[in-house]
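To start, the structure itself, in structure tokens.
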Protein chains: 2
Amino acid sequence: MEISHAVEDYLKIIYELQGAGGKVNTTALAERLNVAPASVTGMIKKLAEDRPRLVNYERHHGVTLTTAGEKIALEVIRHHRLIELYLHEALGYSWDQVDAEAEKLEHVISEEFEDRIAAALGQPKIDPHGDPIPTKEGVIAAPTGERLTDLAAGQRGRVARVSDDDPALLRYLAELGIKPETAIAVVDRSPFDGPMHVRVGNRSPQALGRQVTDHVFVEVR
Amino acid sequence: MEISHAVEDYLKIIYELQGAGGKVNTTALAERLNVAPASVTGMIKKLAEDRPRLVNYERHHGVTLTTAGEKIALEVIRHHRLIELYLHEALGYSWDQVDAEAEKLEHVISEEFEDRIAAALGQPKIDPHGDPIPTKEGVIAAPTGERLTDLAAGQRGRVARVSDDDPALLRYLAELGIKPETAIAVVDRSPFDGPMHVRVGNRSPQALGRQVTDHVFVEVR
DNA sequence: GCCGAGATTTAGGTTAACCTAAATAATTTC
DNA sequence: GAAATTATTTAGGTTAACCTAAATCTCGGC
Ligand SMILES: [Mn+2]
Ligand SMILES: [Mn+2]
Ligand SMILES: [Mn+2]
Ligand SMILES: [Mn+2]
């Protein structure tokens, strides 16, 4: 196969959904890709028949990436995250705008472009949302931090990363001052899953709902 | 229609081949697009049936762009030339590398991206090869300069632009110091279409063949 | 151990953008 | 002005990536 844009997106999303290493099911993939489940089945069959095989697939039991598939996924993710950072740092994009643009550019840039923006950025290790950027060799650091939701009152640390997929949430986080490297502390938690009170930097404490705390990851000090 | 990448390329190439305003024939389009003539006929029929119509077409008599088609062509050309200049100025690409990369990026960048690189470059008027960059409103300056081939001994001026499609030629021109703005003078011309002797800047005169002089355009002083 | 909800696959299309080969129209040459 | 050459179109495919609707499978709960 010739690794179309569609294939690149399938492999990238499978990588993201695989996370620790579980199998990825058709429905989850279809949802993330905005495609009908039947289309996913069709594409997966092709990816599994390819030589070299890009995914391991057993009917009705989900897919995982092969080494070859993971290599491509990490290339695409490197493109995506380098582009996001470049748009933010060099062109002044706000961090909620970078994902949409990177989603398109990731598939068309050359190795030359990748190398030049990586150099311009000083071979960066994380993107604007705190996600690790794979190296050119396909090595990626483990994602860091614990979900803010899971911290107890009194715990403190620095924001490691935030989910990058919801622009509205990102704008809200920017307003709150929550971004990678910011100091953050849990002041207290209301019982019964109520809001969490959090101090960001040296601002006065804020009440944050679960929708927010689920998407912020903290490197506990 | 939804203006696919393919359509953008068709319109762009029709614009370029139309030049002064003549009709563009199937074969020429097919050659420039690296596509079979039959495919061009098929696509052109769709462009002519579109509402708003993007081309004027009469069987066996070639195509021209409509106003709507030209507007899209100029948008794509603006993207292309801004990207070329950005790659050259901001990322250090050599001028023979920019066309290939711009060819892919031109179809996927957003208006946001266009606006930001245009601003970063100071709303430039020409690309690295001296070609005019259309404005956001779709206004383009007439291409300037006369073919170096057509100058007589003794004529002098500044390089206005060079053809941007042959990377090897561009590397050779760079070696000779021929690029937009450079002072250039015709020392003499050998008869029978022989080489032309040209002084570039204050270098010693060089003999240039027709292959070269056909692709250099000079603003005669 | 069966049942059914939900997940997944199969079957049968569609669309865009190509292709080759054959037919036809236009242009050039004698 | 007919014949030859060249350009263009038509006819009939192909391929990638989707879709909807109709099977079919799996697995948790009883
Ligand atoms: Mn993508
Ligand atoms: Mn990101
Ligand atoms: Mn193009
Ligand atoms: Mn150019």
Side-chain angles (χ1 to χ4, degrees), chain A residues 1-14 17-19 22-65 69 72-73 76 103-104 106-108, chain B residues 1-14 17-19 22-65 69 72-73 76 103-104 106-108:
Chain A
M1 201 180 291
E2 283 66 41
I3 322 257
S4 61
H5 299 182
V7 168
E8 290 186 350
D9 275 338
Y10 274 85
L11 296 174
K12 183 182 74 167
I13 301 298
I14 294 170
L17 294 177
Q18 234 184 270
K23 302 198 168 160
V24 176
N25 61 329
T26 306
T27 320
L29 252 180
E31 243 159 54
R32 277 292 231 92
L33 288 161
N34 273 301
V35 137
S39 306
V40 171
T41 302
M43 177 62 97
I44 277 171
K45 280 161 94 172
K46 282 196 305 192
L47 298 179
E49 277 157 22
D50 234 44
R51 287 308 107 94
R53 205 188 298 281
L54 298 175
V55 301
N56 302 117
Y57 169 57
E58 220 176 334
R59 271 188 2 288
H60 294 284
H61 294 286
V63 280
T64 57
L65 294 177
I72 294 167
V76 179
E103 198 56 53
K104 299 175 297 172
E106 65 188 5
H107 306 293
V108 302
Chain B
M1 201 180 290
E2 284 66 41
I3 322 257
S4 62
H5 299 184
V7 168
E8 290 186 350
D9 276 338
Y10 273 84
L11 296 174
K12 183 181 74 168
I13 301 298
I14 293 169
L17 294 178
Q18 235 184 270
K23 301 199 167 159
V24 177
N25 61 331
T26 306
T27 321
L29 252 179
E31 243 159 53
R32 275 293 229 93
L33 288 161
N34 274 300
V35 135
S39 306
V40 170
T41 301
M43 177 64 95
I44 276 171
K45 281 161 94 172
K46 282 195 303 190
L47 298 180
E49 278 157 22
D50 234 44
R51 285 312 107 93
R53 206 188 296 280
L54 299 175
V55 301
N56 302 118
Y57 169 58
E58 219 175 335
R59 271 189 1 287
H60 293 286
H61 294 285
V63 281
T64 57
L65 293 177
I72 295 168
V76 178
E103 197 56 52
K104 298 175 298 171
E106 64 188 6
H107 307 293
V108 302

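Within every chain, numbering begins at 1; the chains are lettered A, B, ... in the order of the sequence lines, protein sequences first and strands thereafter. These numbers were taken from a predicted model, which means no experiment stands behind them.
Sorted by first and then second residue, the side chain to side chain donor-acceptor pair (under 3.5 Å) pairs involving residues 22-41 of chain A (not counting sequence neighbours) are A/E16-A/R32. Counting only residues at least two apart or on different chains, the side chain to side chain donor-acceptor pair (under 3.5 Å) pairs with a member in residues 46-65 of chain A are A/N56-A/T64.
Remark: A/R59 is in phosphate contact with C/dT10, judged by side-chain N or O atoms under 4.0 Å from OP1 or OP2. Phosphate proximity of C/dT8 to A/Y57: absent, as no side-chain N or O sits under 4.0 Å from OP1 or OP2. Taking side-chain N and O atoms only, B/T26 has a distance below 4.0 Å to OP1 or OP2 of D/dT9.
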Look for any protein N or O under 3.5 Å of an N or O in nucleotides 19-22 of chain D and output each such pair with its distance, or none.
residue, atom, partner, partner atom, Å
D/dC19, OP1, A/A36, N, 3.3
D/dC19, OP2, A/A36, N, 2.7
D/dC19, OP2, A/S39, OG, 2.4

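The side chain of A/N25 lies closest to C/dA7 when the candidates are D/dA7, C/dA7, C/dT10. Considering only the side chain of B/H61, C/dA26 comes nearest among C/dA26, D/dA7, D/dT10. When each of C/dA17, C/dT10, D/dT10 is scored by its nearest atom to the side-chain atoms of A/K45, the top-ranked nucleotide is C/dT10. When distances run from any side-chain atom of A/T27 to the nucleotides C/dT8, D/dT10, C/dA17, the shortest one goes to C/dT8. Of the candidate nucleotides D/dT9, C/dC18, D/dA16, C/dC18 has the atom nearest to the side chain of B/Y10. Of the candidate nucleotides C/dT8, C/dA16, C/dC18, C/dA16 has the atom lying nearest to any side-chain atom of B/K46.
The distance between atom CG of A/D50 and atom P of D/dA16, rounded to the nearest whole Å, is 10 Å. The distance from atom CE of A/M43 to atom P of D/dA17 is 4 Å, rounded to the nearest whole Å. At whole-Å resolution of the value, NE2 in A/H60 and P in D/dG28 are 16 Å apart. Atom CD1 in A/I3 sits roughly 17 Å away from atom C1' in D/dT15 (whole-Å rounding). Distance A/H107 NE2 to D/dA17 P: 12 Å, rounded to the nearest Å. Spacing between atom CD of A/E58 and atom P of D/dT24 amounts to 21 Å, rounded to whole angstrom units. Atom P of nucleotide D/dC18 and atom CG of A/L33 are separated by 8 Å, given to the nearest angstrom. Between the CD1 atom of A/I44 and the P atom of C/dT10 there is a distance of 12 Å, given to the nearest Å.
Put simply, the side chain of B/E8 never gets that close to the backbone of B/V76: no donor and acceptor are under 3.5 Å apart.
Put simply, CD1 on A/I72 and CG on A/L65 are 9.5 Å apart, with the number rounded to the nearest 0.5 Å. Once rounded to the nearest 0.5 Å, the distance linking CG of B/L29 with CG of B/D9 reads 11.0 Å. With values rounded to the nearest 0.5 angstrom, A/H107 atom NE2 is found 12.5 Å from A/I3 atom CD1.
When A/K12, A/M43, A/E2 are each tested for a side-chain contact (heavy atoms from CB on, under 4.5 Å) with A/V7, only one passes: A/M43.
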